[in-house]
Protein chains: 2
Amino acid sequence: MSQKPFVSAQEVAERAGVSRSAVSRTFTPGASVSPETRRRVVEAAEALGYHVNHLARGLMLNESGIVCLIVSDMGTPYRSSLIRAVTQQLQDAGKIAMLVNTDRSDGSVDLALRQAIRYRADASIILSGMPDKSITQLCLKNGQRLVLINRDDDQEGPLRINLDDAAAAGRLVTAFLRAGCRRLAFANSEAGTPSLMAREHGFVTAAKTMGVEVVVERYGSTGYESGRVLAQRLLTLSERPDAVFCATDLIACGFMDAARHQFSISIPDQLCVAGFDDIEQAAWSSYQLTTFGQPVEAIAREAVTWLGRDDAEDPSARNHSVRLNADLVWRSSIRGG
Amino acid sequence: MSQKPFVSAQEVAERAGVSRSAVSRTFTPGASVSPETRRRVVEAAEALGYHVNHLARGLMLNESGIVCLIVSDMGTPYRSSLIRAVTQQLQDAGKIAMLVNTDRSDGSVDLALRQAIRYRADASIILSGMPDKSITQLCLKNGQRLVLINRDDDQEGPLRINLDDAAAAGRLVTAFLRAGCRRLAFANSEAGTPSLMAREHGFVTAAKTMGVEVVVERYGSTGYESGRVLAQRLLTLSERPDAVFCATDLIACGFMDAARHQFSISIPDQLCVAGFDDIEQAAWSSYQLTTFGQPVEAIAREAVTWLGRDDAEDPSARNHSVRLNADLVWRSSIRGG
DNA sequence: TTGTAAGCGTTATCAA
DNA sequence: TTGATAACGCTTACAA
């Protein structure tokens, strides 16, 4: 069994008493084969446990059916939920996901990516906010279609799926003001990815429009610990903020925990807090965080349907950009509502 | 470019002025090729952007380098951290991960798995607790090596990686008793996977040995919401527990939140809580949960190194079982420590 | 050390 | 509708 565990179309053909092309046609959608032949082939295939070899198939068709998911921080709630959604929808579309972790930045990223290229993935979906241009170039150069999620890239070719980060952030200013807040703050990471910066910029300019200044603080990654540090900095200001918009939910959770447990601040009475992503934890009763929901299912759907379109018959598909809305999920970390 | 984006060994050979076998040998570890030839080949390959086609290579060698990760609930903190660890280590070992989501149980699991089989994955790693025997059979029958994580399966062939769930759970009884707790409870999910049941059983029997009864309650999935429901049930008992061991950290978080916010119970003063997995949230200051750490890196290492071993030269590798320790991570959800 | 040639399991083309 | 045949890009005897 370790010697030859796999059944080939040849063997199926022999058992069914037909040619191997008949077998191939049976498993090729839209090929012409008589009901009788098909029946016999299917029967033989079933009995032998035959599975079409996609390695060989991909070689022939120059189309592997493999889609490469390039992602950093995949242990993170938002990232992992996006991976889940995309993987599921790819499966539903008859494709399969390959996973490439880009956590380490020391060239091993490049190595892993080349590894994926060797498998002739039809496409790559870049879920990470990593602003590394060489990655996208490498994918494109190898004939892969490319989907960039939350990356404000203006290159030609890839599908770009973005959120209305800035607009969403702007809407939040109104909510804060309506709650009676006057001293607004923005707690950001230093990562500087386009979507993070768009949230900051959208928030700050909208506030300015309404005649309110915003204190902006940036620190570290987009995780929980950064939120704690940012709280240290913002909550010790002489003019302490009464409303803070955190660039991610994880930052918001860290911020809230520090505010409550270290500064004994009551939320939302003394401080209103909002986040972004709507991770599962945002709904936990310790946080009840008002936040913007990432439409992960919609993002996945856009990506997968675009990949399903044949770019030969649809030239517009070669260069496409989609903007989705992040809806505000109201919970009790902001007064009123 | 959309026509023929990939460079073949043939083209590299022509440019380097050698035969295509020379090219192949250059990229085959341990093949004999002169330094001069190698240099010219590498140079040409570099210039052309050549990448060995692993589809074709896998076809020849009957070894794809693909490892299939079969997993449900991959958006969950513990699952996603395990996926991250395994994916990274596979990359380091020169292999690549394929991701199969088994969330939907309605035959689409089977479909997705067959999809993976078609790619002739060398191995499958089952990360999910899904006790579906047909899946393991299907993998084995198709000549894949198999790794079962946290599945108490006694089949021959696969590598089985398990934790000392029962022993760990037993140790916790001592900790609870030392904290002065007398009314012990176990909050479990209804999922009934081997590791969950081992935790329950280990806890209950260890307590019995020490002359203490345990109230066991089971409900729903292994998630946060189940914890809330379990809290409703256990904290309304006439003899209210003063210590509860939750089968997973997510259950523990839900339990703690309900205990505090609905029952105004102070932790750890009035109630000691412990969990299992050591997810990131367990360290958050709202929880500070004492819990057992899943050794995800060690699990991943065991799996990947086993896959790297050639089973032909190491017959014992065909049937191997590993038991790892879950270490108790002390935080402040239990008195003392 | 090198090149030639066969074969891996497919699908597409083309007669029959 | 069917079967033979030629690719696809690779590795590996085998011969030079």
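What you see below is based on every heavy atom in this structure, not just the backbone, and it leaves out hydrogens, waters and symmetry mates.
Remark: B/R301 fails to qualify as a cation-pi partner of B/W306 under the 6.0 Å distance and 45° angle criteria applied to the six-membered ring.
Interface remark: the A/R120 side chain does not form any donor-acceptor pair with the D/dG9 base, using a distance-only criterion of under 3.5 Å.
Nucleic acid contact class of A/L59 (heavy atoms, under 4.0 Å, all strands): base.
When the C1' atom of D/dC8 is taken as reference, atom NE2 of B/H54 falls 17 Å away, rounded to whole Å. What separates CZ of A/F6 from P of C/dC8 is a distance of 16 Å, to the nearest Å.
Mapped onto DNA chain C by nearest heavy atom, A/N53 and B/R38 fall at different nucleotides, with B/R38 at the one closer to the 5' end. With DNA chain C read from its 5' end, the first of the two nearest nucleotides for B/V33 and A/Y50 is the one closest to B/V33.
Regarding contacts with the backbone of C/dT2, a side-chain N or O of B/S34 is found under 4.0 angstrom from either OP1 or OP2. For A/S24, no side-chain nitrogen or oxygen approaches OP1 or OP2 of C/dT10 to under 4.0 Å. Taking side-chain N and O atoms only, B/S32 has a distance below 4.0 Å to OP1 or OP2 of C/dT1. Proximity of B/S19 to the phosphate of C/dT2: no side-chain N or O atom is located under 4.0 Å from OP1 or OP2.
In this structure, B/R39 pairs ionically with B/E36, as a charged nitrogen and a carboxylate oxygen lie closer than 4.0 Å.
Comparing C/dT2, D/dC10, D/dT12 by their closest approach to the side chain of B/L61 singles out D/dT12.
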